[in-house]
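Report on one structure; see the data block that follows.
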Amino acid sequence: MCVRKPKRKYVQRLERWTPEKREIGCKTTEVYLFKRPFDPLCSSKKENAVISSRIHADGIGGIIILNKQAAIPMKRKSSTRKVSYWQIAGKSMKKHWQLYLLVIPPLLFFLIFKYYPMFNAVLAFKDYNVIKGIWGSPWVGFKHFELFFKNPLFWTLLKNTLLLSGYLILAGFPIPIILALMINELRGKRFKKFVQMVTFAPYFISTVVMVSIVMLFLSPRLGFANVVLNYFGLESVNFLGDPGMFRSIYVWSDIWQTAGYSAVIYLAALAGIDPTLYEAAKVDGASRFQKIWHVDLPGIIPTIVIILILNVGNVMAIGFEKVYLLQNPLNQVNSEIIATYVYRIGLLNANYSFATAVGLFNSVINLILLLTVNGLAKRLTNNSIW
């Protein structure tokens, strides 16, 4: 292959660069290196390409080889054998079998109590007959859904459920974050542990005991709240008999019970923040509030977003036990939610198909909310569950 001599004006431009001797393929050649590369001189499609000395049309950039030809050797195929995913998984299980053994109980729990019942969701589209069983019962289509939607109580039940869940999220979601930030700022170790223990302990109280405490505390005659009101000359109030107070009683008692437990998650996230950020903020003269605003909060934003998405995904699945135990004929106007209605109408009256249809409706709404909030969080903060 003939080697063209570069034109004089191009050579003048190249004189500023010192040629280097490098190994390209199997021959040594002088190579001029330039700052701005252009299209490769050799085609990547060819397995054994030959580079000749030539200059690009603009005369600058790229690699120019003078006086020699260099051969690029063929790429040899790797002799290593591909290992399948199952082989890798098998080796990992043999190496870390103790960890996989710990995963088995929760995995079985979800398979038996969460995934297996999904197959029986077909009961919502059938008229259940005990003798024929789930799969032998006749199909009725969307009959039970129509009965639920046409029920005069449908909008009342939906409103009560959404208001109670929304109230719980708006009031209960920021308080654990504030509590975690406050505990993180405490300097005394003993006092810090004491605060954590006091705020975390109510979480271990069962729902039945918690409701009993609330009822005794708010009793119209001997409750501590009414004793205090009477001491200041005020009349006793039937808190649980007032429909307007039911949501506040439910929400704030739930916050008192779960705030300490929820704060543990944010404390763990705060512990993972780089200490050098605090040192840099201290050097810059930042106050405690400025450290919280510019270091702590940005550090736990991913955790906050994930917890918010999960909470919104459970809007329609608000706890049944506590609402049912706090419910009475006086506050039933605001305390009757979809879960308690399904229990009374669907289960106590043995209308299992209707109860399944309402439960499936709740699950679909929760799924839609979860997907919507997850998509919004991903767009706005680049943090999401998936």
Side-chain angles (χ1 to χ4, degrees), residues 121 123-125 141-176 207 210-211 214-215 218 237-259 262 307-349 351-377:
L123 189 63
F125 305 96
F142 293 94
K143 172 187 173 182
H144 302 292
F145 293 95
E146 294 175 358
L147 290 175
F148 180 60
F149 296 149
K150 292 179 180 179
N151 193 314
L153 293 175
F154 170 73
W155 292 109
T156 302
L157 297 172
L158 186 62
K159 182 191 73 173
N160 290 341
T161 304
L162 292 176
L163 287 178
L164 189 60
S165 300
Y167 188 3
L168 183 61
I169 291 175
L170 292 177
F173 180 72
I175 288 180
T207 305
M210 173 61 64
V211 172
V214 172
M215 287 182 174
L218 301 177
V237 178
N238 187 5
F239 293 97
L240 293 176
D242 188 355
M245 293 185 178
F246 174 81
R247 296 191 184 103
S248 297
I249 294 171
Y250 178 92
V251 169
W252 291 105
S253 62
D254 189 82
I255 291 172
W256 173 70
Q257 185 179 13
T258 61
S262 301
I307 299 298
L308 178 61
I309 293 172
L310 295 176
N311 287 346
V312 174
N314 289 322
V315 164
M316 300 294 291
I318 194 167
F320 158 77
E321 297 89 355
K322 191 174 180 180
V323 176
Y324 183 74
L325 293 172
L326 288 173
Q327 191 179 80
N328 58 58
L330 296 176
N331 61 23
Q332 197 168 1
V333 177
N334 288 343
S335 65
E336 186 77 334
I337 60 175
I338 293 177
T340 56
Y341 177 77
V342 169
Y343 175 74
R344 289 192 301 106
I345 303 299
L347 298 180
L348 293 182
N349 295 340
N351 194 350
Y352 301 115
S353 297
F354 180 80
T356 306
V358 178
L360 186 60
F361 167 76
N362 265 0
S363 301
V364 171
I365 298 299
N366 282 333
L367 179 61
I368 294 173
L369 291 173
L370 180 64
L371 294 175
T372 303
V373 176
N374 186 75
L376 291 175

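Because the structure is a prediction, the values reported are computed rather than measured.
With sequence neighbours left out, Thr372 forms a side-chain hydrogen bond (donor to acceptor under 3.5 Å, both in side chains) with no residue at all.
Atom CG in Asn362 sits 9.0 Å away from atom CG in Leu158 (nearest 0.5 Å). To the nearest 0.5 Å, the span separating CD1 on Ile309 from CG on Leu371 amounts to 10.5 Å. The CG atom of Asn334 sits 9.5 Å away from atom CG of Leu164, with the distance rounded to the nearest 0.5 Å. Note that the CG atom of Asn311 and the OG atom of Ser262 stand 7.5 Å from one another [nearest 0.5 Å]. Taken from CD1 in Ile255 to OH in Tyr250, the straight-line distance is 11.0 Å, to the nearest 0.5 Å. Annotation: the span from Tyr343 atom OH to Asn349 atom CG amounts to 11.0 Å, rounded to 0.5 Å.
Around CZ of Phe154, the count of heavy atoms belonging to other residues, nucleotides or ligands within 6.0 Å exceeds 12.
Annotation for Leu157 and Glu336: closest pair CD2-CG, 3.4 Å, computed over non-hydrogen atoms. The two residues Thr356 and Ala124 come nearest to each other via the heavy atoms CG2-N, 3.7 Å. Residues Leu170 and Pro174 share a closest heavy-atom pair of O-CD, 3.3 Å. Between Thr340 and Ser335, the shortest heavy-atom distance links the atoms OG1-O, 4.2 Å. The two residues Leu163 and Arg247 make their nearest non-hydrogen contact at CD1-NH2, 3.7 Å. The two residues Ala259 and Ile175 make their nearest non-hydrogen contact at CB-CG2, 4.3 Å.
Aromatic rings of Phe361 and Phe149 (six-membered ring for Trp) have centroids within the 6.0 Å cut-off, being under it.
Annotation: side chain of Leu330 is in contact with side chain of Asn238 (closest heavy-atom distance under 4.5 Å). Between Phe125 and Leu360, some side-chain heavy-atom pair lies under the 4.5 Å cut-off. Taking the side chain as every heavy atom from C-beta outward, Trp252 and Tyr167 approach each other to under 4.5 Å. Side-chain contact check for Val358 versus His144: every heavy-atom pair is 4.5 Å or farther apart. Ile337 has its side chain out of reach of Phe320: every pair of non-hydrogen atoms, C-beta onward, lies at least 4.5 Å apart. Side-chain contact between Val333 and Phe246 is absent, with no heavy-atom pair separated by less than 4.5 Å.
With Asp242 contributing its side chain and Val237 its backbone, the two residues share no donor-acceptor pair below 3.5 Å. At least one donor-acceptor pair closer than 3.5 Å links the side chain of Asn328 to the backbone N or O of Leu240. Using a distance-only test at 3.5 Å, with no hydrogens or angles considered, a donor-acceptor pair links the side chain of Thr161 to the main chain of Ile338.
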Exercise. What do the steps show when you test Ile307 against Phe173 for side-chain contact (heavy atoms from CB on, under 4.5 Å), and what is the final call?
Worked result: CA-CA 9 Å; Ile307 299 298; Phe173 180 72; 3.8 Å; yes
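Using cut-offs of 30° and 60° on the angle between ring planes, the pair Phe354 and Tyr341 is perpendicular.
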